[in-house]
Amino acid sequence: MPELPEVETIRRELEPYVVGRTVVGLSFPWEGIVRRPALEEFSTRLIGQRITGLGRRGKYLIFSLSSGQALVIHLKMTGSLWFKDPEKFVRAIIHLDDGGNIYFRDPRKFGIMWLVDDKESVAVKLGPEALGAEFTAKVLAERLSQRTAPIKALLLDQGLVAGIGNMYADEALFSAKIHPARAGGSLTKKEVERLHKAIRQVLSDGINEKGASTDTYFRPSGEPGTAHSHFRVAHRRGESCPLCGTPLERIPVRNRGSYFCPKCQKEA
DNA sequence: CCCGGAACCTGAAGGC
DNA sequence: TGCCTTCAGGTTCCGG
């Protein structure tokens, strides 16, 4: 699933391929991928524009355009962007002036494209970047205080901190030895500090491994990432804790599968 | 404001 | 073999 490390890997590998290029055409095998404006306006306004930069905010990819507008893409759960034709599940194709193409592959059709004047307008309200300088242990502690929702649910709230998804939340909580169902406000100062450090570590490791290909994530070349092979609990159904050997458990937290070690991550 | 659950969508995998 | 159920989860929306 594309979370911060996966989106960042795609951004880095796509950047030299698209920056400086002009969009010369668009194809939509599935038109529902365009959120706004309406498809015809989306196309007429985007074609002819030069891509001046490729950025990322949380899990959003932002293509800066010569007009000052931005093409924003969210891959949601199963989206990926390819240099070459993945052949199946192609929902949109961006044709470039050098003959290159970007293929938006998305089996489950959750992915979205926007063409906007203000890139901030696509998301409700994003919290600080999980790997940014402004996201400190102190900021995390402030944002968790008084909160009664499970810490796992709060880590997935992009308005609290931007970029963490289900896999890396499980990894960070295991690393910090915190049970996923603990109330966010019940964490001690030491636990919040451990959690903050763990979040930054698992996300950085994920980027260094070029993302985790547990399911439908691919890099633009079509190659997988390797981060999932280093996961200690996420998606490790039926396996044992790498630290103590206790069988890992999976419980739903806010309807999200949460993998953890019941011995290393106590609920009390 | 805060919390929890539904909705969106469809392929893969497992059970019988 | 084939049908059926369950699972996967990022984000927004809505009711309490």
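Source: prediction; values computed, not measured. Throughout, a chain's letter reflects where its sequence line sits, starting with A, and its residues are numbered from 1.
- A:Q158 comes within 4.0 angstrom of the backbone, heavy atoms only, and of no base.
- The A:F89 side chain lies nearest to B:dG11 when the options are B:dC3, B:dG11, C:dT11.
- Comment: A:E129 engages A:R56 in a salt bridge, judged by a side-chain N to carboxylate O separation of less than 4.0 angstrom.
- At the heavy-atom level, A:Y168 lies nowhere under 4.0 Å from the strands shown.
- If you check every strand for non-hydrogen atoms under 4.0 Å, A:T216 touches nothing.
- Residue A:P150 is classed as a sugar-phosphate contact, given heavy-atom separations below 4.0 Å to backbone atoms only.
- A salt bridge does not link A:D106 with A:R91: none of the charged nitrogens is closer than 4.0 Å to a carboxylate oxygen.
- Between B:dG4 and A:R254, a contact under 4.0 Å exists linking OP1 or OP2 to a side-chain N or O.
- Of the residues near DNA chain B, A:R91 and A:T148, the one whose nearest nucleotide (by heavy atom distance) lies more toward the 5' end is A:T148.
- We find that CH2 of A:W30 is positioned 11 Å from C1' of B:dT10, with the value rounded to whole Å.
- Between A:E193 and A:K197 there is no salt bridge, since none of the side-chain N atoms of the basic residue sits less than 4.0 Å from a carboxylate O of the acidic one.
- Distance from the side chain of A:R108 is smallest for B:dG11 among the nucleotides C:dT12, B:dG11, B:dC8.
- One atom, CG of A:N255, and another, P of C:dT11, lie 16 Å apart when rounded to the nearest Å.
- In this structure, CD of A:Q146 is placed 15 Å from C1' of B:dC3, rounded to the nearest angstrom.
- An OP1 or OP2 oxygen of C:dG10 is reached within less than 4.0 angstrom by no side-chain nitrogen or oxygen of A:H74.
- The aromatic ring centres of A:F231 and A:Y168 sit less than 6.0 Å apart.
- Look at CG on A:L126: it is 14 Å from P on C:dG10, rounded to the nearest Å.
- A:D170 has its CG atom 10 Å from the P atom of C:dG10, to the nearest Å.
- You'll find that the side chain of A:R147 is closest to B:dC2, out of B:dC8, B:dG4, B:dC2.
- Aromatic rings of A:F135 and A:H196 (six-membered ring for Trp) have centroids within the 6.0 Å cut-off, being under it.
- Applying the 4.0 Å criterion to OP1 and OP2 of B:dC9, one finds that A:K76 has every side-chain N and O outside that range.
- Look at CZ on A:R57: it is 17 Å from P on C:dG10, rounded to the nearest Å.
- Following rounding to the nearest Å, A:K109 (NZ) and B:dC8 (C1') show an atom-to-atom distance of 12 Å.
- Evaluation of atom-type donor-acceptor distances gives a pair under 3.5 Å for the side chain of A:R256 against the base of C:dT11.
- Separating the CD1 atom of A:I112 from the P atom of B:dC9 is a distance of 11 Å, rounded to the nearest angstrom.
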